[in-house]
Novice: 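Take a look at the following structure, please.
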Amino acid sequence: MEIIQNHKRLYPTAIVLYLNYLVLGVAASILGQYKQEFAAQWGAATLANGAFDASGVVWVSASLGLGCLIGSFVSGPLSDKIGRRIVSAVGSICYAVFFLGMVFSTNLQAAYVFGLIGGIANAFSNGGVMPAVMEIFVGKTAVASILTKLFVAIGQFILPLLILFVASNHMPYTTLFYVFPVLCAVLTILTFVMPFPAMTATDKSSKDQPSFWQEIKAIHFTPSSIALIIMGFTTTATFQIWVNCNQEFGRWVGMENPAIIQSYYSVGIVAAVLLTAAVVDKYIKSIRLLLLYPAIALTMLIVLLFVHHPLIAIIGGFVLGYSAAGGVLQLVTAVVSDLFPHLKGTIISVVMVMSSIGTWVGVSAAGSIASMGGNDGPEYVILFNSAVTLMSVLLALFVNISSKRHV
């Protein structure tokens with residue numbers, strides 16, 4: 001079992017670990033920036049307008065979510081069993097394989113497999129990095145978790161700048177797919193050589209000392225912990241539905257350039273991460289923010305239901321970026337991991353499994369609702385998203401009430 005320490009000498013280790021989430025921010029977005037190039041590379045058909053059919057690239061991008069779901073079943077338990085170091089390093093290695101695999105794939109099937117590996121990299125980062133940084137920043141679990149979101153945002157912010165640099169210098173589109181494996185290799189090496197929270201030997205001869213698997217079997221899920229785990233589903237579904245459907249909603253309310261909604265959404269995310277990191281558990285408890293942020297998101301969604309105006313859609317982009325995607329899932333993982341201090345990796349993986357299911361179910365259901373709704377499909381999607389967010393509010397309210405009862 002790893003000893004919880006809070007020494008400044010471990011802070012550089014935390015930075016190295018967080019850089020895995022910068023890589024995640026790039027990996028999750030980069031295929032969408034090179035759809036036509038990869039469609040051509042993977043043998044896509046040519047459309048009537050001369051462009052390549054990029055649907056296969058979207059299919060490969062979706063494989064990252066499935067890979068994360070698959071990897072989440074094993075990454076957390078492995079992290080608790082063999083340590084954060086190895087699991088974090090495996091995440092870095094898998095990211096390198098993902099980037100190189102995209103370059104060398106000649107068909108969709110091969111690319112899909114490497115996409116799965118990219119998703120598994122995400123799962124191993126969640127299982128290894130998250131509990132490691134929580135154990136480095138003792139007493140600041142929420143801040144440690146939320147900073148992962150900040151590094152994802154940094155990765156997504158610098159990616160367009162890197163793409164512009166590559167294009168302006170007439171480099172091949174594959175350039176970044178060679179650069180990031182080098183970064184991943186450096187991160188892997190540093191992960192193995194830098195200090196981590198220490199591990200103590202478990203006295204296997206002691207009858208009173210439970211084994212890892214005995215601890216797993218003995219997990220007692222309280223109603224509060226179950227509610228928090230379900231919030232992994234609902235909080236993720238809220239922002240994933242909005243991300244995938246806000247452009248259609250913008251056009252529905254008369255916006256000429258609905259892409260601007262996404263820009264304000266991104267600004268909202270960064271603002272939330274920075275502000276939350278500054279105030280959480282110092283001025284306001286994590287568990288209170290778990291109720292406040294979904295409540296703000298629900299209020300905004302209700303406004304969007306009744307006020308159909310381009311300006312409100314833009315404001316909605318910022319508010320939902322702030323309240324739904326700016327670290328609520330990370331707050332959930334922080335609060336629930338405090339309930340299982342000896343099995344942080346395992347419980348984080350459980351939440352991430354629910355998060356992955358939330359993405360798949362939420363987006364799939366929203367797509368079906370939009371199709372059935374016809375011209376008014378976007379409005380029905382907002383109504384559906386409001387119902388999902390209401391579930392988050394009710395679950396968070398239950399968790400808050402339960403916590404007061406046990407004070």
Side-chain angles (χ1 to χ4, degrees), residues 16-47 49-68 70-71 88-125 129 151-191 243-244 259 262-263 266:
V16 169
L17 293 173
Y18 279 128
L19 286 174
N20 284 279
Y21 282 91
L22 182 150
V23 175
L24 166 60
V26 172
S29 307
I30 195 167
L31 292 182
Q33 302 297 319
Y34 290 113
K35 285 182 181 178
Q36 285 298 303
E37 291 82 356
F38 280 112
Q41 177 180 318
W42 297 334
T46 303
L47 302 175
N49 61 4
F52 291 99
D53 179 4
S55 60
V57 181
V58 176
W59 181 62
V60 172
S61 296
S63 70
L64 274 75
L66 178 58
C68 183
I70 295 170
S88 299
V90 169
S92 298
I93 293 169
C94 286
Y95 276 129
V97 173
F98 161 76
F99 284 109
L100 293 175
M102 293 299 111
V103 172
F104 291 105
S105 294
T106 56
N107 56 67
L108 282 173
Q109 291 73 24
Y112 194 88
V113 171
F114 286 110
L116 290 174
I117 293 174
I120 291 171
N122 184 3
F124 272 72
S125 290
V129 172
F151 277 81
V152 171
I154 293 172
Q156 293 174 332
F157 174 78
I158 67 171
L159 178 59
L161 302 179
L162 294 174
I163 291 174
L164 180 62
F165 177 82
V166 168
S168 62
N169 286 277
H170 308 289
M171 299 176 182
Y173 73 91
T174 55
T175 299
L176 294 178
F177 289 84
Y178 290 112
V179 171
F180 276 92
V182 174
L183 173 59
C184 291
V186 172
L187 293 179
T188 301
I189 294 170
L190 291 176
T191 299
V243 164
N244 284 275
Q262 188 65 26
S263 298
S266 300

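Positions are given from 1 along the sequence. Every value quoted in this text rests on a predicted model; they were computed, and no experiment measured them.
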Novice: Is there side-chain contact between Leu100 and Phe114, with heavy atoms separated by less than 4.5 Å?
Specialist: no
Novice: Answer yes or no: is there a donor N or O on one side and an acceptor on the other, between the side chain of Asn20 and the main chain of Leu17, under 3.5 Å?
Specialist: yes
Novice: Output yes when a side-chain donor or acceptor of Trp42 lies under 3.5 Å from a complementary backbone atom of Val57, and no otherwise.
Specialist: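 Answer holds: no.
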Novice: Could you tell me whether the side chain of Phe180 reaches within less than 4.5 Å of the side chain of Leu183, counting heavy atoms only?
Specialist: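 The answer is yes, as the side chains (C-beta and beyond) meet within the 4.5 Å cut-off.
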Novice: Testing the basics here: between Val243 and Gln262, what is the closest heavy-atom pair and its distance to 0.1 Å?
Specialist: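 Looks like O-OE1, 4.4 Å.
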Novice: Identify the two heavy atoms, one from Gly71 and one from Ala123, that lie closest to each other, and give their separation to 0.1 Å.
Specialist: C-CB, 3.4 Å
Novice: Side chains of Asp53 and Thr46: closer than 4.5 Å at any heavy-atom pair?
Specialist: no
Novice: Taking atom CZ as the centre, does Phe165 end up with more than 12 heavy-atom neighbours from other residues, nucleotides or ligands that are less than 6.0 angstrom away?
Specialist: no
Novice: Measure the spacing between CG of Leu187 and CD1 of Ile93 and express it to the nearest 0.5 Å.
Specialist: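 Nearest 0.5 Å value for the CG-CD1 distance: 11.0 Å.
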Novice: Are the side chains of Ile158 and Leu22 in touch, meaning some heavy atoms are under 4.5 Å apart?
Specialist: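 Yes, side chains in contact.
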Novice: Backbone N or O of Met171 within a donor-acceptor pair of the Asn169 side chain at under 3.5 Å?
Specialist: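 No.
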Novice: Do the ring planes of Phe38 and Phe177 sit parallel (below 30°), tilted (30 to 60°) or perpendicular (above 60°)?
Specialist: perpendicular
Novice: Under 3.5 Å, is there a donor on one side chain and an acceptor on the other for Gln41 and Tyr173?
Specialist: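 Per modelled atom types, Gln41 and Tyr173 side chains form a pair under 3.5 Å.
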Novice: Identify which one of Leu116, Asn122, Ile120 satisfies the side chain to side chain contact (heavy atoms under 4.5 Å, CB included) criterion when paired with Cys68.
Specialist: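 It is Asn122; the other options fail the test.
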Novice: Please report the C-alpha distance between Phe124 and Ser88 in whole Å, then the side-chain angles of each, then the deciding distance to 0.1 Å, and finally whether the side-chain contact (heavy atoms from CB on, under 4.5 Å) criterion is met.
Specialist: CA-CA 6 Å; Phe124 272 72; Ser88 299; over 6 Å; no
Novice: Given the rule in the side-chain contact (heavy atoms from CB on, under 4.5 Å) test, do Thr174 and Phe104 qualify, once you have shown the distances and angles that lead to the verdict?
Specialist: CA-CA 10 Å; Thr174 55; Phe104 291 105; over 6 Å; no
Novice: Between Val23 and Cys184, which heavy-atom pair has the shortest distance, and what is it?
Specialist: CG1-SG, 4.0 Å
Novice: For a 4.5 angstrom cut-off between non-hydrogen side-chain atoms, does Ser125 reach Tyr95?
Specialist: yes
Novice: What heavy-atom pair brings Met102 and Ala111 nearest, and what distance separates the two atoms?
Specialist: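 Nearest heavy atoms, Met102 then Ala111: CE-O, 3.1 Å.
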Novice: Which heavy atom in Ala44 sits nearest to a heavy atom in Phe52, and how many Å separate them?
Specialist: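 Minimum heavy-atom contact is O-CD2, 3.7 Å.
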Novice: Where is the tightest heavy-atom contact between Thr188 and Ser92, given as atom of each residue plus distance?
Specialist: OG1-CB, 3.2 Å
Novice: Checking side chain to side chain contact (heavy atoms under 4.5 Å, CB included) against Phe99, which of Val179, Leu176, Val182, Val26 comes through?
Specialist: Val26
Novice: Out of curiosity, Ile163 CD1 to Thr175 OG1, how far, rounded to the nearest 0.5 Å?
Specialist: 11.0 Å
Novice: Once you round to the nearest 0.5 Å, how far does CD1 of Ile117 lie from CG of Leu64?
Specialist: 10.5 Å
Novice: Taking Ser29's backbone N and O only, do any of them form a donor-acceptor pair with Gln156's side chain (distance below 3.5 Å, no angle check)?
Specialist: no
Novice: Hey, would you say the Tyr18 and Phe151 ring centroids sit under 6.0 Å apart?
Specialist: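 Yes.
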Novice: Compare all side-chain heavy atoms of Trp59 with those of Leu108 and state whether any distance is below 4.5 angstrom.
Specialist: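 Of all side-chain heavy-atom pairs linking Leu108 with Trp59, at least one is under 4.5 Å.
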